[in-house]
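A, B, ... follow the sequence lines: proteins, then strands. Residue 1 opens every chain.
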There are 2 protein chains.
Amino acid sequence: MWLNDREARVWRAHLALHRDLQAVLERRLARDSGLSLADYALLVPLSESPDGLVRARDLATAVGWERSRLSHHLSRMESRALITRETCPDDARGAMVRLTPEGRAAITAAAPDHVATVRRTFLDPLTDADLAALDDIYSRLSAALAAEE
Amino acid sequence: MWLNDREARVWRAHLALHRDLQAVLERRLARDSGLSLADYALLVPLSESPDGLVRARDLATAVGWERSRLSHHLSRMESRALITRETCPDDARGAMVRLTPEGRAAITAAAPDHVATVRRTFLDPLTDADLAALDDIYSRLSAALAAEE
DNA sequence: CCAAGTTTGTTGATGTGTCATCATAAGGTG
DNA sequence: CACCTTATGATGACACATCAACAAACTTGG
């Protein structure tokens with residue numbers, strides 16, 4: 001029932017690694033570009049979409065957030081003029097989210113440094129074999145997680 | 001400079017996996033025992049310490065938190081009678097944190113189910129070779145992260 | 001010994017995430 | 001069509017995390 005030494009070490013390392021990685025990325029991104037990781041996460045799918053226009057529901061799916069969190073965060077981003085909200089033509093319940101020029105400028109300015117930090121802290125220390133192993137492991141873990149509930 | 005397909009897939013899988021894993025663990029723990037993951041993280045080192053007594057500074061180090069976060073969270077846990085605060089005999093600045101019987105009962109009741117969930121969602125899908133690979137990878141990544149700043 | 005610098009813990013303000021709830025609108029079934 | 005169920009998004013209350021600032025106590029170099 002309890003974890004053996006290696007299990008406990010790997011599990012704790014997983015938690016600690018993610019905690020510290022998140023903290024470093026968050027700090028650097030905020031310092032360099034005034035964006036949070038949450039802002040960045042939303043700006044990526046928006047900037048990749050034609051006209052920077054995505055339905056809120058689809059944005060929630062893309063980033064894996066609950067609708068409530070998305071709604072609150074969009075309000076904050078709207079007040080900073082990174083996005084605007086429009087009505088959805090197909091579905092009167094829906095809301096469309098549009099990337100503003102300021103929003104596009106923000107992600108364009110932030111991305112290179114952010115990607116570089118991800119490289120330095122995560123990808124560079126990994127060999128090709130590591131990457132292949134992680135690719136396999138993560139796909140199995142996410143399948144196991146999907147089975148939960 | 002940009003990530004290739006596999007790099008992007010692994011990086012996004014890493015983020016998504018941790019996000020969803022955290023969400024499942026948080027929900028189950030809260031539902032089954034009324035504790036948050038933050039509560040649990042603090043209760044573990046406290047319950048492992050003789051007399052359930054740990055200096056606040058050392059607790060912060062053990063869980064990797066900033067002092068401010070720890071102080072706020074201890075206040076909330078104190079109001080729920082999970083811990084108490086005492087003066088530190090060696091250092092008049094310090095604060096000692098003591099696990100109450102209620103706190104010990106809470107972690108004792110919560111641990112088996114929580115560990116079982118960690119097994120089901122994280123450890124069970126991994127082979128011995130996976131565990132060995134992760135052990136190695138995580139130690140390299142945490143070294144790289146320590147070099148950052 | 002003393003002044004300067006550091007460590008420890010707390011606090012209040014602010015930004016953020018979650019939960020329960022709500023209003024509105026779509027979809028499905030009789 | 002009417003009815004029930006589901007989906008969508010917003011909101012207010014609350015729990016939580018981060019930041020800057022602070023007070024008190026320890027440490028160190030002169």
In whole Å, I'd like the distance from the [atom1] atom of [X] to the [atom2] atom of [N].
X	N	atom1	atom2	result
A:R69	D:dT8	CZ	P	19 Å
A:R27	D:dT18	CZ	P	8 Å
B:E26	D:dC16	CD	C1'	10 Å
B:D39	D:dA15	CG	P	12 Å
A:L59	D:dA10	CG	P	11 Å
A:E66	D:dA15	CD	C1'	14 Å
A:R31	D:dC19	CZ	P	12 Å
A:L74	D:dT11	CG	C1'	14 Å

Margin query: Under a 3.5 Å distance rule, please check whether B:S71 uses its side chain to pair with a backbone N or O of B:S68 as donor and acceptor.
Written below: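 A pair under 3.5 Å: no.
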
Notebook entry, point to check: Would a distance-only check, ignoring hydrogens and angles, find a side-chain to backbone donor-acceptor pair under 3.5 Å from A:S49 to A:P45?
Noted result: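 Side chain of A:S49 to backbone of A:P45: no pair is present.
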
Check: Is any side-chain N of the basic residue among A:D130 and B:R140 closer than 4.0 Å to the acidic one's carboxylate O?
Finding: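 Salt bridge flag = yes for B:R140 with A:D130.
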
Checklist line | Salt bridge B:D91-B:R57, side-chain N to carboxylate O under 4.0 Å | finding: no

Notebook entry, point to check: Parallel under 30°, tilted from 30 to 60°, perpendicular over 60°: which one fits the rings of B:H18 and A:H18?
Noted result: parallel

Next item on the list: Compare every heavy atom of A:S33 with every heavy atom of A:A110, then report the nearest pair and how far apart it is.
Entry: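 Shortest heavy-atom separation between A:A110 and A:S33 comes out as CB-OG, 3.5 Å.
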
Next item on the list: Please tell me if the side chains of B:R119 and A:M1 come closer than 4.5 Å, counting only heavy atoms from C-beta onward.
Entry: no

Notebook entry, point to check: Are B:L53 and B:E86 close enough that some pair of their side-chain heavy atoms sits under 4.5 Å apart?
Noted result: yes

Notebook entry, point to check: According to the ring pair (Phe, Tyr, Trp, His ring centres under 6.0 Å) rule, which pairs have a member within residues 25-64 of chain A, sequence neighbours left out?
Noted result: A:Y40-A:H114

Checklist line | Any N/O donor-acceptor pair, A:S68 side-chain to D:dT11 base, under 3.5 Å | finding: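 Yes, a donor-acceptor pair under 3.5 Å.
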
Margin query: Below 4.0 angstrom, which residues in residues 42-58 of chain B have at least one non-hydrogen atom near DNA chain D?
Written below: none

Next item on the list: Apply salt bridge (charged side-chain N to carboxylate O under 4.0 Å, His left out) to B:E78 and list each qualifying residue two or more places apart in sequence or on a separate chain.
Entry: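 Once residues adjacent in sequence are excluded, the partners of B:E78 under the salt bridge (charged side-chain N to carboxylate O under 4.0 Å, His left out) criterion are B:R85.
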
Next item on the list: Take atom CZ of B:R12 as the centre, draw a 6.0 Å sphere, and report whether it contains more than 12 heavy atoms from other residues, nucleotides or ligands.
Entry: no

Check: For A:N4, does the CG atom sit with more than 12 other heavy atoms under 6.0 Å from it, leaving out its own atoms?
Finding: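 Yes.
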
Hey, what are the protein-to-nucleotides 24-29 of chain D N/O distances that come in under 3.5 Å?
{"from": "D:dC26", "atom 1": "OP1", "to": "B:A92", "atom 2": "N", "distance (Å)": "2.8"}

Note to self: Quick check for you: name the first and last nucleotides of DNA chain C, 5' to 3', having an atom under 4.0 Å from a heavy atom of chain A.
What the structure shows: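 So the outermost contacting nucleotides come out as C:dT16 to C:dA26.
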
Checklist line | Polar contact flag, side-chain donor to acceptor under 3.5 angstrom, A:H72-A:R69 | finding: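 Distance-only check fails for A:H72 and A:R69.
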
Next item on the list: Please list, by residue number, the residues of residues 79-89 of chain A whose heavy atoms come closer than 4.0 Å to an atom of DNA chain C; answer none if no residue qualifies.
Entry: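 Of all residues in residues 79-89 of chain A, none places a heavy atom under 4.0 Å from DNA chain C.
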
Check: Do A:M96 and A:I83 belong together in a cluster built from hydrophobic side chains that touch within less than 4.5 Å?
Finding: no

Next item on the list: Would you indicate which nucleotide in D:dA10, D:dC16, D:dC19 comes nearest to any side-chain atom of B:H72?
Entry: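 Closest nucleotide among those given: D:dC19.
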
